[in-house]
There are 2 protein chains.
Amino acid sequence: MSVTIKKIAKDLDLAVSTVSKALRDSHEISAETKARVFEHAAKLDYIPNPYASSLKKGRSGNIAVVLPEVADSFFSAAINGIDSVAHEKGYHTMVYLTHEDIQREQSIVREFRNGRVDGVLMSIVANNAKYEHLRELCASDVPLVFFDRVCEEIPTASVITNDFESGYIAAQHLIEKGCKYIVFLSMPGELAIIKHRQNGYQQALQDHGMQPCIIYCTDSEDENIAILDKLLTGENKPDGIIGSIEKITIPVYTVCHSRNIPIPSAIKIIAFSHLQIAALLNPPLTTIAQPAFEMGKAAATILFKTLAKKYDLKDEKIVIPSVLMMRASTHTD
Amino acid sequence: MSVTIKKIAKDLDLAVSTVSKALRDSHEISAETKARVFEHAAKLDYIPNPYASSLKKGRSGNIAVVLPEVADSFFSAAINGIDSVAHEKGYHTMVYLTHEDIQREQSIVREFRNGRVDGVLMSIVANNAKYEHLRELCASDVPLVFFDRVCEEIPTASVITNDFESGYIAAQHLIEKGCKYIVFLSMPGELAIIKHRQNGYQQALQDHGMQPCIIYCTDSEDENIAILDKLLTGENKPDGIIGSIEKITIPVYTVCHSRNIPIPSAIKIIAFSHLQIAALLNPPLTTIAQPAFEMGKAAATILFKTLAKKYDLKDEKIVIPSVLMMRASTHTD
DNA sequence: GTGAAAGCGCTAACAC
DNA sequence: GTGTTAGCGCTTTCAC
C-alpha cells in the first residue's frame, strides 16, 4: 500500500498524532518538527487518504451533480460552471445521469444519504411528480441546490432563469414579426421550466387576442419528426413555432428541410437553446439562450456557502435572465 | 448522525459482525437472523457508509474521468458511454476538467494516487510533452485507460479511433471532389490524434502528387477567425479545408459567411466532429464523426475488467473506426 | 511540544 | 451460527 502518516511517524521517530498535527500546520507543533515532517512527507510523496479523514470528520470533500442528460449542451456548460467553483474550493465533482428516468433518479439520490457526497446540485427529471426521495435527502441534512429544473415542492435553494418572461418574449417576438398562428412545442409532464415558458407564451398570445396552441412532443426523435411532419403539412399550418427545449430543434429543421418549407418566409422558428452553433444553421436559428455556465456557477457557489457555514437554503432563489439571440429564422432584412 | 450497523446490532441484540455478514448475505448466518436484519435495516432505511467500507477494503467504488473540456460534444457523448458502464457495475463517476492546462492535469492526477478513485479514464491535454505524473500514477498501481487522446509513452490500455486513416479518407474525399489546394487546420503541440490525422492527410496528398499545407490554429476563437480570414481572402486561396478538431468548425463557417465565400463551390469543407447538428448547418457540414459514446463505453469496459481481475493493460489497444458523413459542404448534386 | 489512546463505520480473522 | 477483536488511515481529546 501507499505511504501513510504511520510510516512518516515511524521514520522520524514521532507519534502519528504529532505528524498529523504537523501536516495540518498546527500551532502546537514546533517549527523544527514541522519542517522535518514536511520535508520527509515531500520526499516520500505522501498523499493523504481522503476517505480516512472523511470518515473521521464526517465530510467526503465530494459533491454530486445530478443531470437528466449530458449530451445537451446546456448541461455541459453547467458542469463547467460547477467545476470552476468546486475545483477552486478543493472539492471533487461526481456526475450522475438520470436519463430522465425517475427510478434511476430515486436510486441515485438515495445513496447520497450516507456520506458519499457533502452536497447535491440537481436538475430533476421531466415528466414526474414524485419527490419523496428529495424530501428524504433534505431530511438527512445533505444540502440540496436545484438549478434549471427545480422541484418547487421542496423548500431549498434554486438557481433558475426567467422562464415565464422568456416564453412571453419568444411569443412576442414572433407576433412582432407578423406571425398569426403560433404553436408552442411542449413536453408532457410536470416540468416547471416548460410550464413557465408555456404560461409566458399563453399570456403573450392572450395579451394580443390570439389563440394559443400547444403540441406535445415525446422523447423519441422519430416520433417528433412524425408529429411535426403532420403539423407542418396538414390543413391548419402554423406560421410560427416555439421550441420549448433544445432537442426539439433538430426535428423541426429536419421536417422544414425535407418538406421544402422555407424559413422564415413560410414559418418562423425560435427555440430555447444554448447551442452556439445555432448561428450557423440553415437558416441561423433565433434562440432564447440560457446562461448555463453562470447558473451552474451560481448553484455551486450557494452550495459551498452552506457547506462552509450552514444556513437556511430555502430563501435562496436566484434568477439569471436568458437572452434573446435574434437570427434569420425569425427575421428577414 | 445516520443509522449504522452498530445501531441495527444494538436494536436486535446481535453483534456488529453478525449484522455485517447478514447484510452481505453470508452463508454462515442463519436464514432467520438474516430475515430479521434485513427487515430492520429496511425499516430504519439503513444505507451503508461507502467510505468506511472503502477504507477497510481498499477500494472506493469511484472512477475518475479526466477530460480537457466538456463543452465539446465529443466529451459529453463519451461521459454518457462511460456512465452507462459505470452505473451498471455499481461504480460512481468523478469528472475532472483540465481545460487543456497541464499543471491542472498534474495536480488532479496526483491526487488519484491515494484511494479517492479505483481507476482513471483519461483524455490528455494538448500541447504538452510532460507525462511524469502519468508514469507515477501507473507506478502507484491505479489502473489507467486512455481514450481518444492518448499518451503513447505510457504503456497502458487505450481506446482510440483510426485517426491516420480518417485523415487520409478526409483528404481523399476532397481530392475526389476536385480540390487542388487542400489546407489542413492543425493545432500546435504534441497531440497524437491530430498528428495522426495530419499524417494521414499528408500521405493522401503525397499519393496524389499534391503539396500539403498545414495551418496552425490557436485556442482563441478570435485569433482563429483572424487566421482564417487572412487565409481565405489572401493571394493563394485553398479550395478545400480539413478541420482537425471540432471547435475549428465555427470560425471556418463564420469567415466564409462574412466574406461571402460560397461553400462548396468556392471551397469545400470537412471537419472532424461529432456534432449531430452538423446536418443542419448552412450548408450541411461533411464530417468525420468519432464514435464517442462507443469509445467511452469501451474504455470503461476495459477499466472494469482490470478492476474485477487484474491483468496487464498494456496490450489492450482498441481502435473504433470513425465514420465519414458526407454532406453538402463537400458535395454538390 | 509531543504522545497515547479512542474512535469514525465497516470488514474479516479467529474464537466459541 | 454468532460474538470478539483488531484494524483500515486519520483526527482529536487528553495526558504528560
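Just so you know, these numbers use all the heavy atoms, side chains as well, and skip hydrogens, waters and symmetry mates. In what follows, chains are A, B, ... by sequence order, proteins preceding strands, each numbered from 1. Quantities reported herein were computed from a predicted structural model and do not represent experimental measurements.
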task: Side chain of A:L55 only, please: which of D:dT12, C:dG9, D:dT2 is the nearest?
output: C:dG9
- request: Using only side-chain N and O atoms of A:Y51, determine if any of them is under 4.0 Å from OP1 or OP2 of D:dT11.
  value: no
message: Tell me the interatomic distance from B:H27, atom NE2, to D:dT2, atom C1', rounded to whole angstroms.
response: 13 Å
field: Validation row, ring centre A:H40 to ring centre A:Y46 under 6.0 Å
entry: no
- request: Grab the CG-C1' distance between B:L12 and D:dT2 for me, whole Å please.
  value: 13 Å
- request: Rounded off to whole Å, could you give me the CD1-to-P distance for the A:I47 and D:dG9 pair?
  value: 14 Å
field: Between D:dC10 (P) and A:K10 (NZ): distance, integer Å
entry: 15 Å
- request: Indicate whether OP1 or OP2 belonging to C:dG3 is found under 4.0 Å from a side-chain N or O atom of A:T18.
  value: yes
query: With respect to the phosphate group of D:dC8, does any side-chain polar atom (N or O) of B:S54 fall under 4.0 Å of OP1 or OP2?
result: no
message: Regarding B:E100 and B:R149, does a basic nitrogen lie under 4.0 Å from an acidic carboxylate oxygen?
response: yes
message: Any carboxylate oxygen within less than 4.0 angstrom of a Lys/Arg side-chain nitrogen, looking at A:K89 and A:D118?
response: no
message: What's the separation between atom CG in A:L97 and atom CG in B:D83, rounded to the nearest 0.5 Å?
response: 4.0 Å
query: D:dC10 C1' sits how many Å from A:K6 NZ, rounded?
result: 11 Å
query: Distance check: side-chain N/O of B:K57 vs OP1/OP2 of C:dA12, anything under 4.0 Å?
result: no
message: Taking the nucleotide of DNA chain C with the nearest heavy atom to each, does B:K21 or B:P48 sit closer to the 5' end?
response: B:P48
query: Can you find a side chain N or O atom of A:T4 that sits less than 4.0 Å from OP1 or OP2 on D:dG9?
result: no
query: Under 4.0 Å: is that the gap between some side-chain N or O of B:R59 and OP1 or OP2 of D:dC8?
result: no
- prompt: Touch check for B:S30, heavy atoms < 4.0 angstrom, all strands: base, sugar-phosphate only, or nothing?
  reply: sugar-phosphate
query: Which of the following nucleotides, C:dG9, D:dC10, D:dT12, is nearest to the side chain of A:Y46?
result: D:dC10
- prompt: Rounded to the Å, how far apart are A:I8 CD1 and D:dC10 P?
  reply: 8 Å
task: Grab the CD1-C1' distance between B:I5 and D:dG3 for me, whole Å please.
output: 14 Å
field: Electrostatic pair B:K297:B:E88 at N-O distance under 4.0 angstrom
entry: no
message: Counting distance alone, no hydrogens or angles: does the base of C:dG3 have a donor or acceptor under 3.5 Å from a partner atom on the side chain of A:S17?
response: yes
- prompt: Rounded to the Å, how far apart are A:L23 CG and D:dT11 P?
  reply: 8 Å
field: Among D:dG9, D:dT4, D:dG1, the nucleotide that comes nearest once only the side chain of B:T33 is considered
entry: D:dG1
message: Once you measure the plane-to-plane angle for B:F304 and B:Y91, does it fall in the parallel (<30°), tilted (30-60°) or perpendicular (>60°) bin?
response: tilted
message: Taking donor-acceptor contacts at under 3.5 Å, does the side chain of B:K56 reach the base of C:dG9?
response: no
field: Contact nearer the 5' end of DNA chain D, comparing A:P50 with A:E28
entry: A:P50
- line: Walking DNA chain D from its 5' end, the first of B:A52 and B:K34 to be reached, judged by nearest nucleotide, is B:K34
- prompt: Which one, C:dT2, D:dT2, D:dC10, comes nearest to the side chain of A:S53?
  reply: D:dC10
- prompt: The side chain of B:N49 lies closest to which of these nucleotides: C:dG9, D:dT2, C:dA12?
  reply: C:dG9
